[in-house]
Number of protein chains: 2
Amino acid sequence: MVLFRTNILKCNECPIRHRAVCANCNDIELNLLENIKTYKSYSAGERILWRGEELIFVASVVNGVVSLSKTLEDGRKQMVGLLLPSDFIGRPGRKEIEFDVTATTDVTLCCFKRKPFEKLVKETPAIAQRLMELALDELDAARDWMLLLGRKTALEKIATFMEMFMRRSNSQNPLKSHQNIHLPLRREEVADYLGLTLETVSRQLNYLKKMEIIDFVDRRNFQVLNISALQNATGDDSDGGVIN
Amino acid sequence: MVLFRTNILKCNECPIRHRAVCANCNDIELNLLENIKTYKSYSAGERILWRGEELIFVASVVNGVVSLSKTLEDGRKQMVGLLLPSDFIGRPGRKEIEFDVTATTDVTLCCFKRKPFEKLVKETPAIAQRLMELALDELDAARDWMLLLGRKTALEKIATFMEMFMRRSNSQNPLKSHQNIHLPLRREEVADYLGLTLETVSRQLNYLKKMEIIDFVDRRNFQVLNISALQNATGDDSDGGVIN
DNA sequence: CGCTTCCTTGAGTAAATTCAAGACTTGTGG
DNA sequence: CCACAAGTCTTGAATTTACTCAAGGAAGCG
């Protein structure tokens, strides 16, 4: 399952140092984490954990994209989480997870054995608090996702998805058009994210292209040509939910 | 907005004492909560909080049902949370909420002013830990809900919903048929929960009746006549997700 | 009783799916 | 370097599912 062990970075040099579960830690607390961490790498498509499997480790995503998904008995699949670098896998007090965890791209994880980590959480409020923040952020995201799955049209789903990737992919200049956006998912994975079929995803993406709202560089790389048209197509309130 | 102030119960006599945010508290901690709590009541249909509104209090649901919902600009609505007695409204570190909070039935809340409550949370690990558990339970529920919204058929959605209410409504004898199940939602609210129209909800409920899987006592009260047929109709794994 | 709200049912429609075929990409071995 | 295979994506046609629109019936409330 584990392909190779990546060279382990010093926490201080870690790209996710200030966003991951360790974000609020001081140098002493960081050392405690450093002592129990190991890196594991997975190649694209590899299964990291199966639903129901006992969690022997918890982990932060260092790089790559990880998907969480659930499947019905006849194989219909729904993605229920998309983890980017600094996101966390595993929760305090949970011995197992009730979804599959898959490496969508090549992935490196910063892993902690569950039991020593949970001991550390109990003794370290900075970690406990950060875990809480991460869980609440996921809950917020899950609720927006539920609105999308339950009530948006295929076009609105695609537009929402592209708009989200636009914002996430370049957090420095979030609203500049014609920037390259890398899409780390195949059409089928986008479909599983949005509750659509891959054919519908393809059709709607090509519709947005025909409308000159987006353009393809290649299958996995896009540009947004018309940001406000894209945002209008999401179906969300034009103010993005901000009041006043 | 607030209709009347219910007589305030002693925490020790409170029906949600052992499931709510105070579940892990000892008598001393309970006293601290008791000193800052007030009760508020709302009648069915009343709005408790608007999206974006500043949270001046957080609360436990003492009795009644509270719904959390999001709305698109053209009015399409999706329920994103259904809170029953002992569930909690408001999260540590969150000044506002990004959904509407509505009393679905007559409701009594046990309210705490946000700032004193957050101070108490910081000083009381038992409360902080219980809040974490409640948030993680909600996250698990949200992920099952996403699978339902994204991938289940109308019939599977309805069956899943009824099966959930069956389990929740009588936790003593969870799997006995012909028990009365009270449904605290109107057809339109069920539709908003499931991402359907109210007509489709009505049709599928009557289909389950025609199949003699459920029976109506009246509009709001049902019996499950055939539990295994209902569970088969949910589309979920027959083992309920438990792996050895 | 009469009004309002809620629910049911039917007919026609629209949206997304399914099925099918073919084109483009990428990687591999000759 | 090319040929071929596997994987991925696009596009079209037919179908299905759930929605919309419409009407009427039942229940709850003053």
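Values below: every heavy atom of this structure, side chains too, minus hydrogens, waters and symmetry copies. Throughout, a chain's letter reflects where its sequence line sits, starting with A, and its residues are numbered from 1. For clarity, every value in this text was computed on a predicted model and none was experimentally measured.
- A residue-by-residue look at A:Glu199 and A:Leu155 shows that A:Leu155 has its nearest nucleotide of DNA chain C further toward the 5' end.
- Side-chain atoms of B:Arg94 come within 3.5 Å of backbone atoms of A:Leu136 as a donor-acceptor pair (strictly under, hydrogens ignored).
- In this structure, the CG atom of A:Leu205 is 11 Å from the P atom of D:dT11, given to the nearest Å.
- Within 4.0 Å of B:Leu196, counting heavy atoms only, lie sugar-phosphate atoms of the nucleic acid but no base atom.
- Between B:Glu163 and B:Arg167 there is a salt bridge, since at least one side-chain N of the basic residue sits less than 4.0 Å from a carboxylate O of the acidic one.
- Applying the 3.5 Å distance criterion, the base of C:dC6 shares no donor-acceptor pair with the side chain of B:Glu189.
- Using a 4.0 Å cut-off between charged nitrogen and carboxylate oxygen, A:Asp100 and A:Lys77 do not count as a salt-bridge pair.
- Atom CG in A:Leu194 sits roughly 18 Å away from atom P in C:dA15 (whole-Å rounding).
- Nearer the 5' end of DNA chain D, as judged by each residue's closest nucleotide, is the contact made by B:Thr197, out of B:Asp218 and B:Thr197.
- Ion pairing of A:Arg47 with A:Glu53 is absent here, as no side-chain N (NZ or NE/NH1/NH2) approaches a carboxylate O to less than 4.0 Å.
- Among the nucleotides D:dT11, C:dT8, D:dC19, the one closest to the side chain of B:Arg187 is C:dT8.
- The main-chain N or O of A:Leu147 is never found under 3.5 Å from a side-chain atom of B:Lys70 such that the two would form a donor-acceptor pair.
- Atom CD1 in A:Ile158 sits roughly 13 Å away from atom C1' in D:dC9 (whole-Å rounding).
- For B:Lys210 and C:dT9, the NZ to P distance is 10 Å, given to the nearest whole Å.
- Applying the 4.0 Å criterion to OP1 and OP2 of D:dC9, one finds that A:Ser202 has every side-chain N and O outside that range.
- Following rounding to the nearest Å, A:Glu156 (CD) and C:dA16 (P) show an atom-to-atom distance of 9 Å.
- Atom pair B:Arg220:CZ and C:dT8:P shows a separation of 12 Å (rounding to whole Å applied).
- A donor-acceptor contact under 3.5 Å links the side chain of A:Arg219 to the base of C:dC24.
- A sub-4.0 Å separation between OP1 or OP2 of C:dT5 and a side-chain N or O of B:Arg186 is absent.
- Within the nucleic acid shown, A:Gly195 comes within 4.0 Å of sugar-phosphate atoms alone, with no base atom in reach, counting heavy atoms only.
- Atom CG in B:Asn206 sits roughly 13 Å away from atom P in D:dA26 (whole-Å rounding).
- Rounded to an integer number of Å, the gap from A:Gln204 CD to D:dT11 P is 12 Å.
- With hydrogens and angles ignored, a donor-acceptor pair under 3.5 angstrom links the side chain of B:Arg203 to the base of C:dG10.
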